[in-house]
Amino acid sequence: MTTYKKKLIEVAIPLEAINAASAREKSIRHGHPSTLHLWWARRPLAACRAVLFAQLVDDPSSDLEKFPTHEAQEAERKRLFGIIEELVQWENSTNEEVLERARAEIRKSCGGELPPVYDPFSGGGSIPLEAQRLGLPAYGSDLNPVAVMIGKAMIEIPPKFREKEPIHPGAKDRQFYRNAEGLAEDVKYYGEWMREKAWGRIGHLYPQVDLPKEHGGGKGTVIAWIWTRTVPSPDPAFADVQVPIASSFLLSSKTGKEAWVEPIVDRHSRTISYRLRYGGTKAEIANAKEGTKAGRAVFRCLFSDTPISGAYVDKQAGAGKMGQSLMAIVAEGKGGRIYVGAGALEQSEAINSASELVRTFDATHLEVPCRGTFASNAQGRRYGFNTFADYFTDRQRVALLTFGELLKDVRREIQSAAEAKGLNPGKEQLVNGASGAFAYAEAVSIYLAFAISKLTNLGSSVTSWMSDRGALRETFARQGIPMAWDFAEVNFFSDSAGNWLTPIDKISKVVAELPTEHNGTLYQSSATEAPYPAGVVISTDPPYYDNIEYADLSDFFFVWLRRSLLDVDPSLFGILSTPKSEELVATRNRYGTQEAADSFFLDGMSAAVGRMAEHASGMFPTTIYYAFKQSEVEQEGVSSTGWATFLQAVIAAGFSVVGTWPVRTESPGRIVATGTNALANSVVLVCRKKESTAEVVTRAEFIRALKRELPPAIAELQAANIAPADMPQSAIGPGMGVFSRYKAVLESDDNPMSVKTALQLINKQLDEYLGGIQGEFDADTRFAITWFEQHGNGKGDYGVADNLARARGIAVESVKHAGIVESSAGKVRILSRDELDPDWTPEDDRHLTVWECLQHLVRLHEKDGISHDTAVLLRKISAQAEAVKDLAYCLYDISANKRKDAKEATAYNALIADWTELTKAAAAIHDTSGDRQIRLDI
């Protein structure tokens with residue numbers, strides 16, 4: 001018997017609206033907190049906001065006095081869904097009216113006393129930030145100091161300087177500064193101050209280039225220098241010559257603006273030079289695109305065509321014999337990008353000057369050993385990347401070190417200006433809770449340090465040039481550091497993307513919009529020692545098994561942040577690199593074997609989740625995000641090793657899983673583009689503490705309970721229009737709810753059933769349920785389902801079809817008369833959607849089948865989406881609508897899992913994904929004249 005009130009997330013949430021807003025958020029850059037500093041695999045803010053709201057607000061079924069009937073409860077849920085649908089929109093993330101509506105509902109459900117929210121794996125800080133936005137006491141912690149500083153910059157620092165005016169000289173008189181707008185303005189002003197000072201010191205390292213006459217002539221500012229790496233030729237006859245190992249010579253593949261580099265090989269002088277070419281034949285462009293590649297990490301010598309293997313390159317790099325050669329320059333021109341040759345003398349002089357200048361700096365912070373490039377690490381190759389210094393050219397290091405030195409100067413400038421504005425003088429530090437002039441200077445310098453750190457992502461020797469876009473690809477274009485054989489060295493002082501003011505502008509925009517009304521707190525702590533306050537609500541996004549090695553990746557930024565912020569927060573940056581031994585990821589390279597890595601992950605995660613179960617408030621569910629590794633799921637399905645391992649830890653810790661909600665963060669186009677029905681990116685687990693009275697049951701008793709409880713739960717999920725692609729993950733919730741409420745489920749040998757086995761049994765019950773739906777359709781539709789499962793749209797023997805039809809009490813002629821199949825010359829074939837009668841109308845069909853209704857609806861939806869015509873058809877078949885939807889689930893399952901037909905599966909998935917909107921559109925249509933005239937009621 002439960003003593004708590006059920007929360008909305010335990011019953012229903014408007015998943016489509018949350019997923020749509022989460023996917024859309026991916027394309028938003030200006031002002032989005034993710035642009036404050038890079039962190040990997042952040043949860044979308046929309047999803048975090050919605051989950052927290054639904055986790056705290058009562059479900060109407062928990063108040064039977066106020067909502068005694070099913071209809072009253074559904075009406076109230078619909079009202080709460082409306083609040084969530086508004087809440088998840090990006091435009092409303094700073095809309096006080098919308099936010100206050102949500103806060104009021106939370107206060108009402110919490111009896112006016114708001115509980116603290118804590119994320120023990122806070123990472124990029126999405127969950128604490130959204131808790132703070134919803135007016136809740138927000139807490140978080142992370143083991144990684146880079147993540148902690150990002151979190152502090154989002155939830156701790158802005159409230160300290162709420163509604164304060166900027167302190168910089170020449171600030172405009174404004175009556176009111178909202179939130180942290182004054183702080184943001186100072187970040188921008190002093191970022192520009194640093195650029196000006198840096199240009200005065202090192203501007204000579206960035207000379208302009210002469211532009212070709214055909215492009216207007218004169219001088220142009222460099223956007224980027226395009227380099228290729230080189231190694232000595234493996235051919236003994238040319239062993240003294242450095243040859244390029246370039247993955248591409250193509251600079252621009254845009255139609256009509258093609259530009260590429262042609263290597264000129266002079267065997268007599270034993271030299272290679274580079275000539276810039278414009279236009280060219282298709283063969284020349286294709287050849288340029290291949291560079292000197294001869295395979296994956298295999299190249300060819302331009303002198304002798306001898307293969308150059310990855311192992312050979314690694315050996316040469318290890319011996320200090322890898323070099324680099326300038327191939328081309330990208331410049332700013334009046335009409336956009338201009339590509340010019342690399343031969344100017346002043347360019348060589350600038351490079352030589354940088355090589356001399358870099359020796360005058362103390363760069364010991366870069367001598368920390370690194371993993372090298374992650375792409376090559378799996379092969380045991382480092383390609384010369386041994387310390388963090390190896391990621392940067394001399395010029396890049398000089399610039400980044402110069403900005404780092406200016407950070408100390410700017411801190412003094414800010415402190416002086418802040419004191420002149422009346423802020424308290426003295427040396428009280430920000431880390432100790434101060435908000436005087438000294439602390440304010442530290443606060444601004446944290447955001448400026450982020451700019452330096454972000455600049456390393458744009459300005460390393462593993463950033464590359466994208467010829468299709470005419471733009472830079474960041475160091476971390478993915479969750480790893482790939483090798484870049486040819487790379488783009490960006491000009492930090494240009495007016496194009498990648499310059500110093502790019503991160504300054506993005507950071508200041510984020511700061512201006514961060515919530516400041518409520519204080520937040522972020523600690524550095526492992527999840528097994530998280531300092532939970534009393535009565536805490538836990539929502540967390542833990543690391544995902546073996547997906548991302550956060551500590552190794554974040555060291556790339558840590559070495560620079562440490563140099564900038566060691567004095568500001570010695571407790572965070574007093575170590576040489578980020579903590580790794582306690583990090584909860586199952587990576588084989590750290591523990592020797594996969595078994596040892598799995599064991600470490602399971603033990604650590606069990607301890608962390610056990611601490612959550614111990615401290616979580618019994619009045620609220622706990623929510624835990626789990627991200628699926630797509631490759632793993634494709635091979636193993638929803639009972640995949642990582643997922644089962646994670647669930648095992650959650651259940652062993654003392655939680656019962658009462659719900660699973662699949663959250664998509666990719667746009668729908670991605671599903672079609674990849675040719676598969678990709679599963680949701682992550683699942684939100686809804687957990688409650690296991691009842692102390694939990695009993696032990698047998699496998700047979702567990703299966704009986706599953707058969708009894710899972711079908712109505714799946715029916716409810718279908719009624720909520722969960723997309724068919726997400727159904728296996730959604731069904732895990734009620735299925736694991738059954739499994740995890742028991743103390744143990746015993747197999748026939750008296751050993752406890754594993755989570756992996758339970759997942760397989762849940763999936764089996766889902767298959768049986770979807771198969772069982774077939775018995776409720778008309779006989780012609782049941783025939784079509786079986787025939788489609790066996791043959792798709794291909795032909796089969798008439799005799800087999802006749803037996804199949806007779807078993808359903810009909811003849812093949814009946815299915816033919818219904819307009820579903822073609823039967824001739826002893827063969828039977830199901831008609832494709834495009835072959836169905838285009839003039840078909842359900843009201844005139846005297847042999848109406850659910851199959852036809854669905855196929856005509858899918859045909860219109862594929863053609864027009866949620867259009868007037870599609871809505872009209874749904875309105876006309878409203879009596880069959882639920883059966884049509886059931887059939888879509890059934891045919892999705894057959895197409896995706898049995899026939900492996902991604903295109904067909906996608907069509908059914910897309911229809912269900914739009915079902916709610918389509919139903920609304922159909923409901924707005926009225927038959928007004930009695931003669932089947934249809935109009936849309938706007």
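Ionic pairing of E614 and R611 is not present here: no N-O contact between side-chain nitrogen and carboxylate oxygen is shorter than 4.0 angstrom. In summary, K78 and E85 do not engage in a salt bridge, as defined by a charged side-chain N under 4.0 Å from a carboxylate O. The pair R43-E130 does not count as a salt bridge, with every side-chain nitrogen at least 4.0 angstrom from each carboxylate oxygen. In summary, R101 and E105 do not engage in a salt bridge, as defined by a charged side-chain N under 4.0 Å from a carboxylate O. Ion pairing between a basic and an acidic side chain is recognised when a charged N comes within 4.0 Å of a carboxylate O; E513 and R178 show such pairing. The existence of a salt bridge linking K7 and E10 is excluded, since no basic side-chain nitrogen approaches an acidic carboxylate oxygen closer than 4.0 Å. K6 and D58 are not joined by a salt bridge, as no carboxylate oxygen comes within less than 4.0 angstrom of a charged side-chain nitrogen.
The number of heavy atoms from other shown groups lying within 6.0 Å of CD (E91) is above 12.
The two atoms that bring P542 and Y625 nearest to each other are CD-O, 3.1 Å, heavy atoms only. Here the shortest heavy-atom pairing between P120 and A530 reads CB-CB, 4.1 Å. For C687 against I624, the heavy-atom pair with the smallest separation is SG-CD1, 4.1 Å. The minimum heavy-atom distance between E16 and I912, with the atom names listed, is OE1-O, 4.5 Å. When all heavy atoms are compared, the tightest approach of A180 to T516 is N-CG2, 3.8 Å.
Rounding to the nearest 0.5 Å gives a distance of 9.0 Å between CD of Q55 and CZ of F620. In this structure, Q648 CD and M605 CE are separated by 13.5 Å, a value rounded to the nearest 0.5 Å. Here CD of E517 is found 8.5 Å from CG of N179. Values are rounded to the nearest 0.5 Å. Note that the NZ atom of K876 and the CG atom of L857 stand 12.5 Å from one another [nearest 0.5 Å]. Here the CZ atom belonging to R107 is positioned 10.0 Å from the CG atom belonging to L136, to the nearest 0.5 angstrom. Taking CG of D767 as the reference point, atom CD of Q765 lies at 9.5 Å (rounded to 0.5 Å).
Inter-residue side-chain proximity for Q132 and P159 is flagged as met; some heavy-atom pair is nearer than 4.5 Å. Here the side chains of N763 and P728 are in contact, with some heavy-atom distance below 4.5 Å. Taking the side chain as every heavy atom from C-beta outward, Y769 and L710 never approach each other to under 4.5 Å. Contact annotation: the side chain of L770 never approaches that of Y892 to less than 4.5 Å [non-hydrogen atoms, C-beta and beyond]. By the 4.5 Å heavy-atom criterion applied to side chains, K920 and I866 are not counted as neighbours. Between I538 and Y139 the shortest side-chain heavy-atom distance does not fall below 4.5 Å. Between L685 and L647, some side-chain heavy-atom pair lies under the 4.5 Å cut-off. Looking at heavy atoms from C-beta onward, L80 lies out of side-chain contact with P14 at the 4.5 angstrom threshold.
Using modelled atom types, one side-chain atom of R688 and one backbone atom of G618 make a donor-acceptor pair closer than 3.5 Å. A donor-acceptor pair under 3.5 Å is formed between the side chain of T660 and the backbone N or O of S730. Side-chain N or O atoms of R49 include none that pairs as donor or acceptor with a backbone N or O of P44 at under 3.5 Å. Of the possible polar contacts, none joining the W39 side chain to the G125 backbone as a donor-acceptor pair under 3.5 Å is found. Proximity of a side-chain donor or acceptor of T870 to a complementary backbone N or O of G865 within less than 3.5 Å is detected. Side-chain atoms of K689 come within 3.5 Å of backbone N or O of A613 as a donor-acceptor pair. A donor-acceptor pair under 3.5 Å is absent between the side-chain atoms of Q880 and the main chain of V850, judged by distance alone.
A side-chain donor-acceptor contact under 3.5 Å links S61 and D59.
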| Step-by-step side chain to side chain contact (heavy atoms under 4.5 Å, CB included) determination, L761 to F739 | CA-CA 10 Å; L761 289 170; F739 177 77; over 6 Å; no
| query | Could you walk me through whether Y742 and E701 pass the side chain to side chain contact (heavy atoms under 4.5 Å, CB included) check? | reply | CA-CA 11 Å; Y742 299 117; E701 287 171 312; 6.0 Å; no
| said: Applying side chain to side chain contact (heavy atoms under 4.5 Å, CB included) to M154 and L522, what does each step give before you reach the verdict? | reply: CA-CA 10 Å; M154 289 203 303; L522 231 130; over 6 Å; no
| request: Give the C-alpha distance, both sets of side-chain angles, the deciding distance and a yes or no for side chain to side chain contact (heavy atoms under 4.5 Å, CB included) between L45 and S126. | output: CA-CA 6 Å; L45 303 181; S126 296; 3.6 Å; yes
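Looking at V51, V57, L8 one by one, the single match for side-chain contact (heavy atoms from CB on, under 4.5 Å) with I84 turns out to be L8. When L706, I732, I714 are each tested for a side-chain contact (heavy atoms from CB on, under 4.5 Å) with L766, only one passes: I714. With D119 as the fixed residue, the side-chain contact (heavy atoms from CB on, under 4.5 Å) test singles out one of S141, S539, P128: P128.
The aromatic rings of Y626 and F646 sit tilted relative to each other, their planes meeting at an angle between 30° and 60°.
H32 is linked by a ring pair (Phe, Tyr, Trp, His ring centres under 6.0 Å) to W90, counting only residues two or more places apart in sequence or in another chain. Take Y118 and apply the ring pair (Phe, Tyr, Trp, His ring centres under 6.0 Å) test, not counting sequence neighbours, and it matches Y532. With sequence neighbours left out, the ring pair (Phe, Tyr, Trp, His ring centres under 6.0 Å) criterion links F655 to no other residue.
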